S.K.: 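The following block contains the structure, expressed as structure tokens.
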Amino acid sequence: DMKVTQMPRYLIKRMGENVLLECGQDMSHETMYWYRQDPGLGLQLIYISYDVDSNSEGDIPKGYRVSRKKREHFSLILDSAKTNQTSVYFCASSPGTGKRNTEVFFGKGTRLTVV
Amino acid sequence: GDSVTQTEGQVALSEEDFLTIHCNYSASGYPALFWYVQYPGEGPQFLFRASRDKEKGSSRGFEATYNKEATSFHLQKASVQESDSAVYYCALSALRGKLIFGQGTKLSIKP
């Protein structure tokens, strides 16, 4: 069964704490993504990864970093979380590296609240 | 940079109504265009794509035609059902596989 799995699904953190969001996929896809979703703004790309240790900034990378040490896993790290990072975070994957018309598969999301 | 604009933030219809959700894009190259659908508690799901001018993409009764001159990819369905209630996203593929989304349109269908 092809899927993207995100853990945890819900998370509450205090301002200033570090946050680790984890994502796995079982499709051996080369490309993986992290997006955040906010009302009225849609989905905004934080980072894209083309393979192990080959990561590139998206449109809103400030305050985030990523790690990809295995093709199947892609982590999003918030060092010293801020209240404006409260959002729903989606991980996604797609086959191929940088191909323009391939389908992207999304996980169910992690709802992060920073208080 | 590349961008996608969806005109309607929310659309409310009755069953069997005709649906149009407007999508316009701005891109420096020749992007592929997509529609994704998101149900509550789920991530977005691929609906269909079009890769070249005048190509029609379609799935589950929904369709859209790539219009390069008008820079548009409007979503249409002839007769909506209550089960179509969801958030719909238009998206384009930018350089190196980056997928850029519009703001989303929440579709509500009354039975």
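Each chain gets a letter, A, B and so on, in the order its sequence line appears, and its residues count up from 1. Side-chain atoms are counted along with the backbone in the values below, which use heavy atoms only and exclude waters and symmetry mates. Everything quoted here is computed from the prediction, not taken from an experiment.
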S.K.: Does atom NZ of B/Lys106 have more than 12 heavy-atom neighbours, drawn from other residues, nucleotides or ligands, at distances under 6.0 Å?
M.R.: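 No, not enclosed.
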S.K.: Would a distance-only check, ignoring hydrogens and angles, find a side-chain to backbone donor-acceptor pair under 3.5 Å from A/Tyr50 to B/Arg96?
M.R.: yes
S.K.: Do the side chains of A/Tyr64 and A/Leu45 join up, straight or via other hydrophobic residues, at under 4.5 Å, putting them in one cluster?
M.R.: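 A/Tyr64 does not cluster with A/Leu45.
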S.K.: If you look at every heavy atom in A/Lys108 and B/Glu42, which pair is closest and at what distance?
M.R.: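 Shortest heavy-atom contact: NZ-OE1, 2.8 Å.
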S.K.: Going only through I, L, V, M, F, W and Y residues with side-chain contacts under 4.5 Å, is there a path from A/Val66 to A/Val52?
M.R.: no
S.K.: Please classify the contact of A/Phe105 with chain B as side chain, backbone, both or neither, using a heavy-atom distance under 4.5 Å.
M.R.: neither
S.K.: If you compare all heavy atoms of B/Lys98 against all heavy atoms of A/Ser56, which two are closest, and at what distance to 0.1 Å?
M.R.: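 Distance-wise, the nearest heavy atoms are NZ-OG, 4.2 Å.
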S.K.: Please check if B/Phe34 and B/Val87 belong to a single hydrophobic cluster, counting links between Ile, Leu, Val, Met, Phe, Trp and Tyr side chain heavy atoms closer than 4.5 Å.
M.R.: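 Yes, because B/Phe34 and B/Val87 connect within a single hydrophobic cluster, where side-chain heavy atoms sit under 4.5 Å apart.
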S.K.: To the nearest 0.5 Å, what is the distance between CZ on A/Phe106 and CZ on B/Phe46?
M.R.: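 Answer rounded to 0.5 Å: 12.0 Å.
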S.K.: According to a 4.5 Å side-chain heavy-atom criterion applied to Ile, Leu, Val, Met, Phe, Trp and Tyr, with indirect links allowed, do B/Leu47 and B/Tyr39 form part of one hydrophobic cluster?
M.R.: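 Result: yes, single cluster for both.
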S.K.: Heavy-atom distance under 4.5 Å to chain B: side chain of A/Arg111, backbone, both or neither?
M.R.: neither
S.K.: Nearest heavy-atom pair of A/Gln37 and B/Tyr89: which atoms, and what distance?
M.R.: NE2-OH, 2.6 Å
S.K.: So do the side chains of B/Tyr36 and A/Val104 get within less than 4.5 Å of each other, counting heavy atoms only?
M.R.: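 With C-beta onward as the side chain, the pair touches.
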S.K.: Is B/Tyr88 reachable from B/Leu33 through a run of hydrophobic residues whose side-chain heavy atoms are each under 4.5 Å from the next?
M.R.: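 Linked, B/Leu33 and B/Tyr88 end up in one cluster.
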S.K.: Quick one: CG on A/Asp59 to CD1 on B/Ile100, what's the gap to the nearest 0.5 Å?
M.R.: 4.5 Å
S.K.: Closest approach of A/Leu43 and B/Pro44, non-hydrogen atoms and distance?
M.R.: CD1-CG, 3.7 Å
S.K.: For B/Gln6, is it the side chain, the backbone, both or neither that has a heavy atom under 4.5 Å from a heavy atom of chain A?
M.R.: neither
S.K.: Return yes when atom OH of A/Tyr10 has more than 12 non-hydrogen atoms of other residues, nucleotides or ligands closer than 6.0 Å, and no otherwise.
M.R.: no
S.K.: Nearest 0.5 Å, please: how far is CZ in B/Phe101 from CG in A/Leu41?
M.R.: 14.0 Å
